[in-house]
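Report on the following structure.
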Amino acid sequence: MGSQKIVFTLEYGQEWIPKEYYPVPGVKAVPEWYKKMETSFANDKTNPKEVNETQTLKRCMPVLDSITAGYILKTHTDITLKYVDGVMNFDWAYDIRPTITFHSPYQLLNYRNLELPQGAPKLGNPWGIKTPKGYSCLFIPPAHRPACGIRILEGYVDTDLYTNSVQFPFLPDEGFTGTIPAGTPYAQVIPFKRDSFRMEFGDIEEREQLASVAKLLRSTWINGYRSKFRANKDYL
């Protein structure tokens with residue numbers, strides 16, 4: 001089966017946005033902390049030939065798969081947040097329309113017990129997103145990244161039907177003031193095929209399958225999941 005296609009389209013008037021701020025596959029936006037992390041370290045640092053090593057998070061394929069899943073949206077202009085008499089104020093370097101607007105405070109009534117008299121700020125996204133029939137997109141803050149100053153509210157959109165740009169309500173990171181540079185990853189777009197599910201609880205057959213998988217996993221020192229169970233994934 002060939003690759004499915006996801007299409008990102010700039011809105012009219014936004015052609016000025018530099019290409020370095022365009023969306024990219026997650027694999028091209030791996031955070032620096034992950035790149036710099038060693039895959040393992042010797043338990044006995046005084047013995048360089050020590051074979052009993054401790055594996056780090058970099059060996060964890062579910063972490064890598066979550067980092068590289070889907071596509072990354074980036075800010076297309078510098079955004080500065082400051083507070084004046086306790087009220088959020090946003091400025092941005094350039095845009096043809098307001099980069100930040102606000103939802104009504106009533107739309108967040110009782111949400112996480114927040115007090116936001118202005119309502120939730122909303123980041124203007126200039127990209128329309130279109131997926132094949134039957135496919136939707138999950139929008140989340142980029143996985144396993146340091147706080148960048150804002151955190152979008154997670155959402156799920158049927159992007160085969162709604163192809164307009166998705167706007168992102170967000171909350172400032174606690175205590176943050178300053179400038180978020182253009183090109184900062186702020187949203188991860190993960191396309192997936194819609195399907196219907198029905199929850200059940202496993203019986204003895206599923207329990208035996210669990211035990212079988214556990215035995216196979218224990219048969220290797222390292223990379224058991226990656227070599228025996230992990231499926232290839234491509235986001236190009």
task = Give a yes or no on whether Gln209 atom CD has more than 12 heavy-atom contacts from other residues, nucleotides or ligands under 6.0 Å away.
result = no

ask   = Around atom CD of Glu15, are there more than 12 heavy atoms of other residues, nucleotides or ligands at under 6.0 Å?
value = yes

Quick one: side chains of residues 96-104, donor-acceptor pairs under 3.5 Å with protein atoms, not counting sequence neighbours, listed by atom name and distance.
| unit_1 | atom_1 | unit_2 | atom_2 | d |
| --- | --- | --- | --- | --- |
| Arg97 | NH1 | Glu11 | OE1 | 2.6 |
| Arg97 | NH2 | Glu11 | OE1 | 3.2 |
| Arg97 | NH2 | Asn125 | O | 3.0 |
| Thr99 | OG1 | Asp95 | OD2 | 2.8 |
| His103 | ND1 | Gln107 | OE1 | 2.4 |
| Ser104 | OG | Tyr106 | N | 3.2 |

ask   = In Å, rounded to the nearest 0.5 Å, how long is the span from CD1 of Ile129 to CG of Leu73?
value = 5.5 Å

ask   = Does any non-hydrogen side-chain atom of Trp127 lie less than 4.5 Å from one of Ser165?
value = no

request  = Would you give the length of the straight line joining atom CD1 of Ile190 to atom CD1 of Ile6, rounded to the nearest 0.5 angstrom?
outcome  = 10.5 Å

Exceeds 12 heavy-atom contacts within 6.0 angstrom, atom NZ of Lys233 = yes

request  = Spell out, as yes or no, whether a donor-acceptor pair under 3.5 Å connects the side chain of Tyr34 to the backbone of Lys58.
outcome  = yes

Inter-residue atom distance Glu205.CD - Leu210.CG, 0.5 Å rounding = 11.0 Å

key: Ring-face cation contact, Tyr22 with Lys74, 6.0 Å cut, 45° max   = no

query = Should the heavy atoms of other residues, nucleotides or ligands under 6.0 Å from NZ of Lys228 be counted, would the total exceed 12?
reply = yes

query = Rounded to the nearest 0.5 Å, how far apart are OG of Ser227 and CG of Leu217?
reply = 8.5 Å

inquiry  = Strictly distance-based, threshold 3.5 Å: is any side-chain N or O of Thr9 a donor or acceptor partner for the main-chain N or O of Gly128?
reply    = no

is_close_aromatic(Phe90, Phe170), centroid dist under 6.0 Å = yes

remark   = Distance col, row Lys82:NZ vs Thr179:OG1, nearest 0.5 angstrom, shows 10.0 Å

inquiry  = Quick one about Thr131 and Asp160 (side-chain donor to acceptor, distance below 3.5 Å, no hydrogens or angles considered), yes or no?
reply    = no

ask   = Counting distance only, does the side-chain N/O of Glu206 pair as donor-acceptor with the main-chain N or O of Asp203 below 3.5 Å?
value = yes

inquiry  = What I'd like to find out is whether the side chain of Val189 reaches to under 4.5 Å of the side chain of Val166, using heavy atoms alone.
reply    = no

query = Are His144 and Pro31 side-chain neighbours, meaning at least one heavy-atom pair lies under 4.5 Å?
reply = no

message = Tell me whether Tyr83 at atom OH has more than 12 heavy atoms from other residues, nucleotides or ligands lying less than 6.0 Å away.
response = yes

ask   = Does some side-chain heavy atom of Thr80 sit less than 4.5 Å from a side-chain heavy atom of Asp78?
value = no

ask   = Okay, side chain of Thr56, backbone of Glu38: is any donor-acceptor separation there less than 3.5 Å?
value = yes

